[in-house]
Amino acid sequence: MKIATFNINGIKARAEALPAWLDEAQPDVVLLQEIKSVDEAFPREIFEERGYNVETHGQKSFNGVAILSKHPLEDVTRGLPGDAADEQARYIEATIVGENAALRLCGLYLPNGNPVELDANGAPVAGGKFAYKLGWMDRLRARAECLLAEETPFLMAGDYNIIPQAEDAAKPESWRDDALFRPESREKWRRLLNLGLTEAFRARTQGPGHYSFWDYQAGAWNRNNGIRIDHFLLSPACADLLRDCQIDRDIRGRDKPSDHVPVWMDLDL
DNA sequence: ATGTCGTACATGGTACGA
């Protein structure tokens, strides 16, 4: 089963490029981020006519996640638990039933976290975007702990807005003080991994030069000034099913591309 | 080098987020 994650940066702007990629890559499941659409305006028919079931969790203008699946999606939940006051549409879960096992799909758009605001003691300023990011990552870890305790096989996929290591950026020094690469952010990422989760891409491929995002500005694509921030984290039972994980890099060079490209896995499910 | 996009809104240039 081929499962992909793709930050599309606006469904309206990607109404041609996204289905073109689907027709070519033929994923069974796609976790989408930044649909930038309310649920009612999401063009479900584009995907339904290709045989996908569609579940969305959107909001006006910003954020928004969705799941496309050629297999039925069950027990859909929207929003990341842990903060009833959080109104940003960044998280969706659904269960897909394979031939031998069920798998919980968690689609996420982790907060960017910039600008980084710190107080005189170096602590993130409460109510600021950086503090929101770190708090969101604590909530994500709590959710992963809950799924692990239930022994539910799961994957968490999406735009994590985290550069895990220096090798995941073409110019790591330029990201040193950025919320995507700050030690506080990477510490939260490590704590997620240390629950026993497997990062799918790094389970298959080592070394620098693998990116999933290139900024629209300053000719980042032409200079290959990229970063790897779109990831799959797998529970132990899910990691046992991993057959492959790749980045569809060439998509970035096509007409009207997103600033992210798809990352996909092949699971023995 | 605030250099590019996408979205929404007072449709035509701004504001915001990334």
Side-chain angles (χ1 to χ4, degrees), chain A residues 5-21 30-44 46 56-66 80 86-91 107-117 124-125 127-137 157-164 168-182 184-186 188-189 211-231 248-263:
Chain A
T5 178
F6 192 1
N7 179 325
I8 56 173
N9 191 21
I11 185 60
K12 296 172 189 70
R14 230 58 65 205
E16 292 184 22
L18 176 57
W21 170 74
V30 189
L31 299 137
L32 297 174
Q33 302 89 42
E34 282 206 272
I35 64 174
K36 296 187 175 181
S37 167
V38 294
D39 296 336
E40 305 76 58
F42 190 82
R44 332 171 41 92
I46 293 176
T56 61
H57 178 41
Q59 67 182 98
K60 191 160 78 171
S61 302
F62 306 119
N63 308 320
V65 289
L80 181 63
D86 184 358
E87 296 184 345
Q88 298 192 30
R90 295 178 174 276
Y91 191 81
L108 63 101
Y109 175 45
L110 206 146
N112 176 293
N114 287 303
V116 173
E117 294 178 274
V125 173
K129 292 190 172 184
F130 193 47
Y132 175 64
K133 175 179 196 152
L134 298 175
W136 205 95
M137 295 186 79
D159 177 359
Y160 279 75
N161 271 312
I162 293 283
I163 302 167
D168 297 308
K171 296 184 175 180
E173 67 284 358
S174 70
W175 295 94
R176 192 187 59 195
D177 299 321
D178 192 282
L180 278 62
F181 193 56
R182 291 234 2 144
E184 298 91 332
S185 307
R186 294 166 61 204
K188 300 291 188 191
W189 166 258
Y211 311 128
S212 65
F213 169 92
W214 295 259
D215 201 293
Y216 289 123
Q217 298 190 67
W221 167 247
N222 288 328
R223 297 166 193 234
N224 195 25
N225 180 15
I227 53 177
R228 196 175 66 88
I229 57 176
D230 299 272
H231 309 300
D248 275 353
R249 181 182 192 281
D250 293 350
I251 296 300
R252 185 65 177 80
R254 298 195 179 171
D255 287 344
K256 283 210 70 173
S258 170
D259 41 7
H260 296 249
V261 296
V263 184

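For the ring-ring contact (aromatic ring centres under 6.0 Å, His included) test, residues two or more places apart in sequence or in another chain that qualify with A/Phe42 are A/Phe47. A/Tyr91 meets the ring-ring contact (aromatic ring centres under 6.0 Å, His included) test with no other residue; sequence neighbours excluded. The ring-ring contact (aromatic ring centres under 6.0 Å, His included) search around A/Tyr160 returns A/Trp189, A/His231, not counting sequence neighbours.
Comparing B/dA1 with B/dA18, their P atoms sit 24 Å apart, to the nearest whole Å. Going from the C1' atom of B/dG12 to that of B/dT7 covers 15 Å, rounded to whole Å.
A/Gln33 places no side-chain N or O within 3.5 Å of a backbone atom of A/Tyr109 that could act as its donor or acceptor partner. Judged by distance alone, the side chain of A/Lys129 and the main-chain N or O of A/Pro115 form no donor-acceptor pair under 3.5 Å. In this structure, A/Lys36 contributes its side chain and A/Ala13 its backbone to no donor-acceptor pair below 3.5 Å.
The side chain to side chain donor-acceptor pair (under 3.5 Å) contacts involving residues 216-225 of chain A comprise A/Asn9-A/Tyr216, A/Trp214-A/Asn224, A/Asn224-A/Arg249, where partners must be two or more places apart or lie in separate chains.
In B/dT14 the base sits anti relative to the sugar, since the glycosidic angle is further than 90° from 0.
In terms of position on DNA chain B, the residue among A/Asn112 and A/Ile35 whose nearest nucleotide sits closer to the 5' end is A/Ile35.
The CD-C1' distance, from A/Glu34 to B/dT7, rounds to 11 Å in whole Å. At whole-Å resolution of the value, CG in A/Asp259 and P in B/dA18 are 12 Å apart. In this structure, CD of A/Gln59 is placed 12 Å from P of B/dG17, rounded to the nearest angstrom. Whole-Å rounding puts the A/Ile163 CD1 to B/dA18 C1' distance at 13 Å. Separating the CG atom of A/Leu180 from the P atom of B/dG17 is a distance of 16 Å, rounded to the nearest angstrom. What separates NZ of A/Lys60 from P of B/dC16 is a distance of 15 Å, to the nearest Å. If you measure from atom NZ of A/Lys129 to atom P of B/dC16, you get 10 Å, rounded to the nearest angstrom. As a whole-Å value, the separation of A/Tyr109 OH from B/dG17 P is 11 Å.
Counting non-hydrogen atoms under 4.0 angstrom, A/Phe213 reaches nothing in the nucleic acid.
Annotation: cation-pi geometry satisfied between A/Arg186 and A/Phe181 (NZ/CZ under 6.0 angstrom from ring centroid, within 45° of ring axis).
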Do any N or O atoms of the protein come closer than 3.5 Å to N or O atoms of nucleotides 3-6 of chain B, and which pairs are they?
residue: B/dT4; atom: O4'; partner: A/Tyr216; partner atom: O; Å: 3.2
residue: B/dG6; atom: OP1; partner: A/Arg14; partner atom: NH1; Å: 3.0
residue: B/dG6; atom: OP1; partner: A/Arg14; partner atom: NH2; Å: 3.4

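DNA chain B contains the following stems of three or more consecutive Watson-Crick or G-U pairs, with both distances under 3.5 Å: B:4-9 with B:13-18.
Taking a 6.0 Å sphere around CD of A/Glu173, one finds it holds more than 12 heavy atoms contributed by other residues, nucleotides or ligands.
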